Amino acid sequence: MSLFATKPISRIIAEAEETGEHALKKALSALDLTMLGVGAIIGTGIFVLTGQAAGKHAGPAVVLSMILAGIVSAFAALCYSEFAASVPISGSAYAYGYGTLGEFVAWIIGWDLILEYAFGAATVAVGWSGYTVSLMRENLGINFPISLSAPPGAIRDTAGNVIGHGIFNLPAALIAVAVTLLLIRGIKESASFNSIIVIIKVVVVVLFIVAGIGFVNTDNLGIGCTVGAPGCAEFMPYGFSGIITGAAVIFFAYIGFDAVSTAAQEAKNPQRDMPRGILGSLAICTVLYILVSGVMVGLVDYKALKEAAAPLATAIDEALKANQGATAGIMGSILTVFSSWIIKIGAVLGLSSTMVVMTMGQPRVFYSMSKDGLLPGWAAKIHPRYQTPHITTAITGAVVAILAGFVPISLLGELVSIGTLFAFVIVGTGIIILRSSNPALNRPFKVPLVPFIPLGAVLSAAFLMNSLPLDTWIRLIDWMAIGLLIYFGYSYTHSKLTVEGAVEDELPANYKPPIAAMLGIVLVVALTIYQVMAPSSGLGLGLEPDKKVADSIGLNLAIRLFAWILTGALVYMIMYGKRAASATRSASTKSIGLILSVVNIVLWGGVTYWYFQHIHDKVVP
């Protein structure tokens, strides 16, 4: 059987309709799904990553980064909506890839989704810790040990000064454990908790916008002042490339709609409600994101947000200092209360619900992969009373707790972004292929303007991926190399398609491989070359090879093109390769795959060591 054998769509749908004590409980309505999406989206982006994106990448132009990330998300959300309504299974992009692109690509997506959900939950946990410690220290008078509230390494204040050294982020680890226990208890209980918290944090966000807008200092936005004058910021201090990089980093915050798709198997009426939950939550949150980021950078000099774990609280504190004696009135009183209590409590509660959704997604991907035989059977175990995947939920929670305790938030955020964007590329390509390979499939929701919308998802996601730092690309390739070793070492021979001899869906008699899918990859390659070569003023990466060793044009092209050309080769083989009639799998294929996987790991291990020892953060002499 081919590496690219697809799982019959009819079988996927049959699994989604299973009931009983060994199946996931169907308990979620359209409102629950929308609340899950809002719960995931409003959180990290507003309460944590806005500060990182503004301070390090985009400056006041972070508003434009938000708009760009929202457009990319809209393209992808339409593709996810069609898949989630047509193939309502808990595996999200993994399951969609299995039914359209084949098992090998599905495994790659499933492995990639670990970056998205597990690392994503850890990112949120770190943000939650920042706000919790700030609330304890500044409002409750509890001096929580600074060394136990940050990962190993130097701790810096907003001015960049070293104020201590971290050992382990204990609050981040504890919230990961608490959320894990809630999710084991039940999906409906988790959704109800999420809905209550969502209402609270939406109120907090709206109050911040209304109260803060009156204290916006246009000088912080570079509006109405002379750039370079004291107190006057530059609107785009990092150029267009900074806006794009900011969008790529912030993009992590938009993946709530993706997390909603992992709950498709637990929805009462997924064909109707999944598109509503996905698109509705994205629309609500995009508007709020744009408004909040605009007010935030208007309240404070963006440079003060570079190292802020709680950027909204930092923005309010700075605004109050700058407006002492001028905060009379209702809005001024609200702003004062915000700084001391509301924003921090809202963030703590809000990030809690975000963690619920992010941590919920990963075990359900594991559940689907285990049902297909790609992971051991215990990963598909359902609790007999709570009807939740309790074993994988516990494992996910433990991994999230460890990551949150030891890894910096900036690194986590970049890894989550590149993992999510890659999944979007695959989903957009899958929509194009499925329209040709299975035109008769019942589609309660259809992406309009195919192939243009899916191509928009592929190209825009690739555009943002290319904007992420080179070290993030290397870490992604390293992660995928590990995944390939596991696939050929275990999953290849344990797949249910082999064990049970499942018959693939027959292609239509008039099937023609959709040229648009390959065109998308070709355009991505061309786009990559342009971005690497072009200056920031031309929407390129704005590399400076004469100043930074890591900005080498050849190195940046080689790493990125390696990933895209390999992706294109896989898509080509999927569309033009012949489907195998036999259900058996070759031992030689497994052996060759294992050998190549080991060689690949050694090769990229060497590249990674060389890069971080001799290239990363080095200045051209």
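None of the values given here were measured: they were computed from a predicted structure.
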Q. Are the aromatic ring centres of Tyr80 and Phe424 under 6.0 angstrom apart?
A. yes
Please report the closest heavy-atom contact between [X] and [Y], naming both atoms and the distance.
| X | Y | result |
| --- | --- | --- |
| Ala54 | Val297 | CB-CG1, 3.9 Å |
| Gln362 | Leu113 | OE1-O, 3.3 Å |
| Ile42 | Cys285 | CG1-SG, 3.5 Å |
| Leu33 | Val260 | O-CG2, 3.6 Å |
| Gly520 | Leu459 | O-CD2, 4.0 Å |
| Gly294 | Val63 | CA-CG2, 3.5 Å |

To the nearest 0.5 Å, what is the distance between [atom1] ([X]) and [atom2] ([Y])?
| X | Y | atom1 | atom2 | value |
| --- | --- | --- | --- | --- |
| Leu31 | Ser195 | CG | OG | 6.0 Å |
| Ile278 | Cys79 | CD1 | SG | 10.5 Å |
| Met369 | Ile109 | CE | CD1 | 10.0 Å |
| Thr528 | Asn466 | OG1 | CG | 3.5 Å |
| Ile244 | Leu541 | CD1 | CG | 7.5 Å |
| Asn217 | Asp301 | CG | CG | 9.5 Å |

Main-chain N/O of [Y] paired to [X] side chain as donor or acceptor, under 3.5 Å:
| X | Y | answer |
| --- | --- | --- |
| Glu234 | Gly222 | no |
| Thr286 | Ala283 | no |
| Ser86 | Glu82 | yes |
| Trp111 | Trp479 | yes |
| Lys201 | Gly39 | yes |
| Asn220 | Gly298 | yes |
| Ser65 | Ile243 | yes |
| Trp128 | Val348 | yes |
| Thr245 | His57 | no |
| Ser129 | Ala125 | no |

**Q.** Ile213 atom CD1, over 12 foreign heavy atoms within 6.0 Å
**A.** no
Q.
Suppose we screen for ring pair (Phe, Tyr, Trp, His ring centres under 6.0 Å). Which residues come up paired with Tyr94, at least two apart in sequence or across chains?
A. Tyr98
Q | Candidates Ile71, Thr50, Val292, Leu291 - the one meeting side-chain contact (heavy atoms from CB on, under 4.5 Å) with Met66 | A | Thr50
(Q) Quick one, Thr359 with Leu182, criterion side-chain contact (heavy atoms from CB on, under 4.5 Å). Give me CA distance, side-chain angles, the key distance, then yes/no. (A) CA-CA 10 Å; Thr359 310; Leu182 174 65; over 6 Å; no
Q) How would you list all residue pairs meeting salt bridge (Lys or Arg N to Asp or Glu O under 4.0 Å) that involve residues 360-369, not counting sequence neighbours? A) Glu266-Arg364
Q.
Is there a side-chain contact between Phe208 and Val295 in this structure, where contact means two heavy atoms from C-beta onward sitting under 4.5 Å apart?
A. yes
**Q.** Non-hydrogen side-chain atoms of Met274 and Phe83 separated by less than 4.5 Å
**A.** no
Q. What's the verdict on side-chain contact (heavy atoms from CB on, under 4.5 Å) for Arg443 and Leu434, showing C-alpha distance, side-chain angles and the deciding distance?
A. CA-CA 11 Å; Arg443 293 176 171 85; Leu434 189 61; 3.6 Å; yes
Q. In terms of ring plane angle, is the pair Tyr302 and Tyr238 parallel, tilted or perpendicular, where the classes change at 30° and 60°?
A. perpendicular
